[in-house]
Enquirer: 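Below: one structure in C-alpha cells.
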Amino acid sequence: MLHIINKSPLANNALDSCLRVAQSGEILLIEDAVYAATAGNAFEGKIRKALERFRIHVLQPDLEARGLADRVIEGVSPVDYGGFVDLTTTNKTCQSWL
Amino acid sequence: MPSIEVDGKTYETDEEGYLTNLNDWNKEVANYIAHVENINMTEQHWEVINFLREYFEEYQIAPAVRVLTKAIGKKLGADKGNSEYLYSLFPYGPGKQACKIAGLPKPTGCV
Amino acid sequence: MSNIKKFMFVNRKAPYGTIYALEALEVVLITAAFDQDVSLVFLDDGVYQLKKGQQTKGIETKNFSPAYRALEGYDIEKLYVEKESLEARGISEEDLLVDVTVLGRAEMGALMDQQDVVLSF
C-alpha cells in the first residue's frame, strides 16, 4: 500500500498517524510533507526509524521548489512526477492522508 | 428564493420545492405540496409521511429509498415494506416525493 | 459477486471545526447505495465524531451525530476505532454513541492493507 502525505509533520499529525498505524509499505512525501525528508528537521529521527519498515519517497520538484533538494535524508529516494505515477500503479491501493 | 403560499402564509422553498425550514412544516403545507405533486393524501400516505418525520427526528437525515422501504417493512409490515406499495402511493419516488411532502430535505444519495 | 469492492473511509478530523467529518458521512451514505463492502475507521480527532451527547444549538450548526446511528439501517455495520486514539483523548468505548470495534494500531494497519479503496478525510 502507498501512503501519500502532503503536510509538514511539524504542523500536522498526518505523517505521525500514518507511521503509527501502518506497519509497512511505501510512503510518498509531497508538497509540504517534503520537509519531513530533509536532514536537520526535527522529524529526521522518526524518518530514519521508519526507513526500517517502509520504503520512503519524496517528490523532487516539491523539494526543489523549497530549496531543499540538497539535503535529503539518506535512504529516502527522490522521484519525479513519472515516478509518482509509477508508485500509484505498482501499489494495489493508495491512501492520501489529509 | 422560491416560495409557496398556504392559507395566506408564505413558506420559503428551494428550486425543487423542498421546504427550506423544517420547522415551517404543518399538515396544511403537506396537503398543499401533495396537491402540487398530484397526490391525494390518504391514511396510507400519512402513515409514510409520519414515519419519515419520525425517522428524521431520530437520525437527522432523510433515508434513502432502500433504507426507507426496509424500515417501513419492519414497522408497518412486509405488505407495506416493498417498492410496489410505496411507488403506488408516491409514483415519482417515495424518496423524493414523500420527503418533499414531509418537509424533509432531499435524501442524500438520491439520484 | 466479483464487482463488490472493499471500501474504507478513514475519519481523522473532529466534527464542526472543519467540514471533513460531515462530507465523509455524506460520501459514506451515497456509497451505501452501491452495495459495496464498506468500513468506517475513526483515528486521531476523528474519534470525537462519535462522542455521545453532542448539542450544537449554541453554535447554530446542524448536529449530524445522530446519523451515525442510522448507518446500521444502511447495512454499514463495520465501524472501527483505534484504541490509541481513544486513550490519547481520555475517551472510552462507553462514551461513543454507536457500537464499534476497538482495534490496536497494528490491527488497524493490517485492516487497511486488506482494502481495495481507502479514502481519507
Side-chain angles (χ1 to χ4, degrees), chain B residues 12-14 16 18-25 47-78 80-83 85-87 90 92-99 102-111, chain C residues 1 3-5 7 9 11 15-16 19-38 40 48-79 96-100 117 119 121:
Chain B
E12 216 175 89
T13 69
D14 69 6
E16 294 175 84
Y18 290 81
L19 284 184
T20 308
N21 303 309
L22 284 164
N23 297 331
D24 279 351
W25 188 86
E47 210 170 42
V48 176
I49 298 301
N50 291 332
F51 181 89
L52 274 171
R53 301 272 314 167
E54 283 164 24
Y55 186 97
F56 192 87
E57 179 66 30
E58 183 163 0
Y59 299 119
Q60 298 297 306
I61 52 170
V65 183
R66 189 172 58 105
V67 178
L68 172 72
T69 309
K70 207 171 73 178
I72 291 248
K74 240 186 213 170
K75 181 148 190 219
L76 305 174
K80 294 180 176 174
N82 62 75
S83 37
Y85 174 76
L86 292 171
Y87 272 88
F90 304 98
Y92 286 93
K96 283 183 195 176
Q97 253 181 340
C99 283
L104 307 185
K106 200 169 158 181
T108 301
C110 194
V111 276
Chain C
M1 287 232 292
N3 57 351
I4 292 186
K5 287 191 173 182
F7 279 75
F9 295 91
N11 294 279
Y16 313 118
I19 196 75
Y20 291 103
L22 178 57
E23 292 282 309
L25 184 59
E26 297 213 337
V27 175
V28 166
L29 292 173
I30 291 166
T31 307
F34 296 98
D35 285 326
Q36 301 295 309
D37 180 345
V38 175
L40 266 65
Y48 286 134
Q49 294 175 25
L50 301 180
K51 177 70 182 63
K52 266 183 200 162
Q54 297 175 36
Q55 302 283 350
T56 58
K57 213 168 181 172
I59 59 169
E60 294 185 24
T61 302
K62 184 186 163 84
N63 175 8
F64 54 87
S65 66
Y68 294 105
R69 288 190 288 106
L71 291 173
E72 197 184 353
Y74 281 74
D75 295 323
I76 295 173
E77 286 160 340
K78 296 177 182 170
L79 275 62
L96 306 181
L97 49 78
V98 276
D99 288 339
V100 299
V117 180
L119 293 166
F121 289 85

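Chain letters run A, B, ... following the sequence lines, proteins first and then strands; every chain starts at 1.
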Enquirer: Would one find more than 12 heavy atoms of other residues, nucleotides or ligands at under 6.0 Å from atom CG of B:Asn21?
Expert: yes
Enquirer: Assess whether atom OH of C:Tyr20 is packed by more than 12 heavy atoms of other residues, nucleotides or ligands within 6.0 Å.
Expert: no
Enquirer: In terms of heavy-atom contacts, does CD of C:Glu77 have more than 12 from other residues, nucleotides or ligands at under 6.0 Å?
Expert: yes
Enquirer: Out of curiosity, B:Arg66 CZ to C:Asp35 CG, how far, rounded to the nearest 0.5 Å?
Expert: 5.0 Å
Enquirer: If contact means a heavy atom pair closer than 4.5 Å, which residues of residues 58-70 of chain C contact chain B?
Expert: C:Lys62, C:Asn63, C:Pro66, C:Ala67, C:Arg69, C:Ala70
